Amino acid sequence: MTDKPADKLLGNDEAGVFALLFWTAVACLLIVAKTQDPAMEIHAWFGLVASVAGAFALIVHASERRGTPPDEIGGKPNYHMGPVKLATALGAFWGVVGFAAGLFIALQMTFPALNLDLPWTTFGRLRPVHTSAVIFAFGGNVLIATSFYVVQRTCRARLAGGMWPWLVVWGYNAFIVIAASGYVLGVTQSKEYAEPEWYADLWLTIVWVIYLLVFLGTLWKRKEPHIYVANWFFLAFIVTIAMLHVVNNLAIPVSLTSSKSYIVWAGVQDAMTQWWYGHNAVGFFLTAGFLGIMYYFIPKRAERPVYSYRLSIIHFWSLIFLYIWAGPHHLHYTSVPQWAQTLGMTFSIMLWMPSWGGMINGIMTLSGAWDRLRTDPVLRMMVVSVAFYGMATFEGPLMSIRAVNSLSHYTDWTIGHVHSGALGWVGFISFGAIYCLVPWLWEKKRLYSLRAVEWHFWIATIGIVLYITAMWVAGIMQGLMWRAYTELGFLEYSFVESIDAMFPYYLIRALGGALFVIGSLIMVWNLWMTARHGEPAEEAAPRTLAAQPAE
């Protein structure tokens, strides 16, 4: 290990991070001094404190280290797992927060008094807290953790960027705090899955570009000539989300000290841009990224190669080509031209093929290892997640058909569909990945309790089934009630009557959500006990250094 020069406190990467934090602190200080917007002032103070704290921590770290960490030790990769551990822990934390917020707003739909007659606790403000916490906080941290882990292990190279990966994790979570607190304060641009205002979007853009550069830099310095398929899915997710985020969130702020802005798009163009973004946030954030997890962690856990590597390549290229066209199916029966609606529907239906190709590839990876499902609840959780992926990617194209959409749109059927994907596919594959990562990262021989994983699996599965079946029944009932007419041509049911009919199904949904929250709490306890009291791994083969043949 080479010592750092005595006259140089900060390395190049550290100096870059320090400069970014310094200018962020300056900008926040100016906003604090000038703004008359209470929400903007709160967020500027948060940005100022976070930037100063980050810069101070960076200086302390630089003063204590003895040199630049080498890329290799004894001819083996010196993996950089600190940011991976942080993102994994934050992913588990935000998961519980997001699921608990979802349970609370489900109870608000059942018992409206829980809105508490306060502006900060109304369903309208807490609902995006729930969706953002589950999708972007929980899912996003899991994606950052797994992508940073997988790209190192499959490239046999240390994560590029030095201190920049730390900024990616902390900076991304700072965005989450700004976004969630903004929703509670009423700061939102009212775009589905894109609610944060302009300054939060700007900060996320900076962090996301750094994320892309770190990932690309690691691929560039790889020792393994082949780029494993999981990295292609991760790369597609990072690049496409950047493009979608920037275009959909182009906005003009009222002033640089105001939280309010106006989107540059309007009318039909805004709707098309929003659902080009909205559907592909599902396609590339909640599908492509988590398929990258599937293609690494299922083969790794099953100790089997991918069933068909050729199919995985076909799956990748067909999925990323078809998905990007499917957004207009959210806009059936609107002023969007019908040819655009039909185009979205057509590409949605064609998505059946690559989606199910990926599902088959993931499940058939267990060929020759089916017995592992009896003894390994982590592997069982990941395989069930792939089954939910297949179900959700069958139901989505079905609901995109205009005749079906005329019944399902604006109903709770859509809510059930979203949660079969979000809880069953995204949730379970994320849980499986976290269960794999924690013993590896904290160098433990195994999880503290496989029985607790069994409990988590069955409690969460029952919760998902209760949730989605209740929403399927409620949604179809809503659709039928809303378009029922009397002999005289009047609506047979008022909207209030349809809401009243939903009560038992909303109660079942809340019960299903409560079970899912309980399962996540069991997981957090198990992970904590693993990290603190798990049996240490054998020192002969430390996972932080040696790349295994299957990787």
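Numbers here are sequence positions counted from 1. The analysis underlying the following values was restricted to heavy atoms, covering all of them including side chains, and did not include hydrogens, waters or symmetry mates. On a predicted model such as this, the values are computed, not experimentally measured, just so you know.
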Leu167 side chain reached by Leu21 side chain, heavy atoms, under 4.5 Å: yes
Smallest separation among heavy atoms of Lys221 and Ala160, with atom names: CD-CB, 4.0 Å
Ring centres under 6.0 angstrom apart (Phe285, Phe290): no
Distance-minimising heavy-atom pair for Asn141 and Ala137: ND2-O, 2.7 Å
Flag, side chain of Thr287 to backbone of Phe284, donor-acceptor distance under 3.5 Å: no
Aromatic plane relationship, His279 with Tyr323 - under 30° parallel, 30 to 60° tilted, over 60° perpendicular: tilted
Side-chain donor/acceptor of Gln189 to backbone N/O of Ile263, under 3.5 Å: no
Candidate pair Trp164 and Val168, rule side-chain contact (heavy atoms from CB on, under 4.5 Å), full reasoning: CA-CA 6 Å; Trp164 288 109; Val168 171; 5.5 Å; no
Donor-acceptor contact below 3.5 Å, side chain Ser63 vs main chain Val60: yes
4.5 Å side-chain heavy-atom contact, Arg158 and Pro77: no
Pair Arg127 + Glu192: basic N to acidic O under 4.0 Å: yes
Nearest heavy-atom neighbours spanning His417 and Ala392: CE1-O, 3.2 Å
Residue of the set Tyr183, Tyr199, Trp198 for which ring pair (Phe, Tyr, Trp, His ring centres under 6.0 Å) holds with His43: Tyr199
Minimum side-chain heavy-atom gap Ile464-Ser420 below 4.5 Å: no
Whether Tyr211 and Phe237 hold their rings parallel, tilted or perpendicular, with breakpoints at 30° and 60°: perpendicular
Six-ring centre of Phe297, Arg301 cation under 6.0 angstrom, axis tolerance 45°: no
Within-4.5 Å side-chain heavy-atom neighbours: Ile176 and Leu90: no
Audit row: Ile42, Ser181, side-chain contact (heavy atoms from CB on, under 4.5 Å) steps and yes/no: CA-CA 9 Å; Ile42 291 172; Ser181 58; 5.8 Å; no
Short side-chain to backbone donor-acceptor contact, Thr110 and Ala106, under 3.5 Å: yes
Candidate pair Phe233 and Tyr295, rule ring pair (Phe, Tyr, Trp, His ring centres under 6.0 Å), full reasoning: CA-CA 9 Å; Phe233 277 98; Tyr295 273 118; 5.4 Å; yes
Phe215 to Ser147 - nearest heavy-atom pair and separation: CE1-O, 3.8 Å
Within the 6.0 Å centroid threshold, strictly below: Trp425 and Phe388: no
Whether Tyr149 and Tyr296 hold their rings parallel, tilted or perpendicular, with breakpoints at 30° and 60°: perpendicular
Donor-acceptor contact present, side-chain Asn78 to main-chain Ile73, <3.5 Å: no
Evaluation steps, side-chain contact (heavy atoms from CB on, under 4.5 Å), between Met243 and Thr240: CA-CA 5 Å; Met243 175 183 67; Thr240 310; 4.0 Å; yes
Criterion ring pair (Phe, Tyr, Trp, His ring centres under 6.0 Å) on His245 and Tyr277, from CA distance to verdict: CA-CA 7 Å; His245 170 75; Tyr277 164 88; 7.3 Å; no
Test item: His419 side-chain N/O and Gly416 main-chain N/O as donor-acceptor pair under 3.5 Å: no
Asp37 bridged to Lys260 by N-O distance under 4.0 Å: no
Stepwise side-chain contact (heavy atoms from CB on, under 4.5 Å) test for Glu72 and Lys223: CA-CA 11 Å; Glu72 294 184 352; Lys223 298 296 189 296; 3.4 Å; yes
Chi angles and distances behind the side chain to side chain donor-acceptor pair (under 3.5 Å) call for Asp412, Tyr506: CA-CA 10 Å; Asp412 286 323; Tyr506 285 179; 2.7 Å; yes
Pairwise side-chain contact, Leu30 with Thr257, heavy-atom cut-off 4.5 Å (strictly under): no
Shortest non-hydrogen contact between Leu126 and Gln108, atoms and distance: CD1-NE2, 4.0 Å
Parallel, tilted or perpendicular: rings of Phe175 and Tyr172 (30°, 60°): tilted
Approximate separation, where rounding is to 0.5 Å, of Met529 CE and Tyr448 OH: 3.5 Å
Any donor-acceptor N/O pair, Trp203 side chain to Gly171 backbone, under 3.5 Å: yes
Mutual orientation of the aromatic rings belonging to Phe18 and Phe22 [parallel < 30°, tilted 30-60°, perpendicular > 60°]: parallel
Between OG on residue Ser258 and CD on residue Glu197, distance to nearest 0.5 Å: 8.0 Å
More than 12 heavy atoms of other groups within 6.0 Å of Trp442 CH2: yes
Any Val453 side-chain heavy atom under 4.5 Å of Tyr435 side chain: yes
4.5 Å side-chain heavy-atom contact, Ile415 and Tyr467: yes
Value rounded to 0.5 Å, distance of OG in Ser385 from CD1 in Ile293: 9.5 Å
pair Trp94-Val134: side-chain heavy atoms closer than 4.5 Å: no
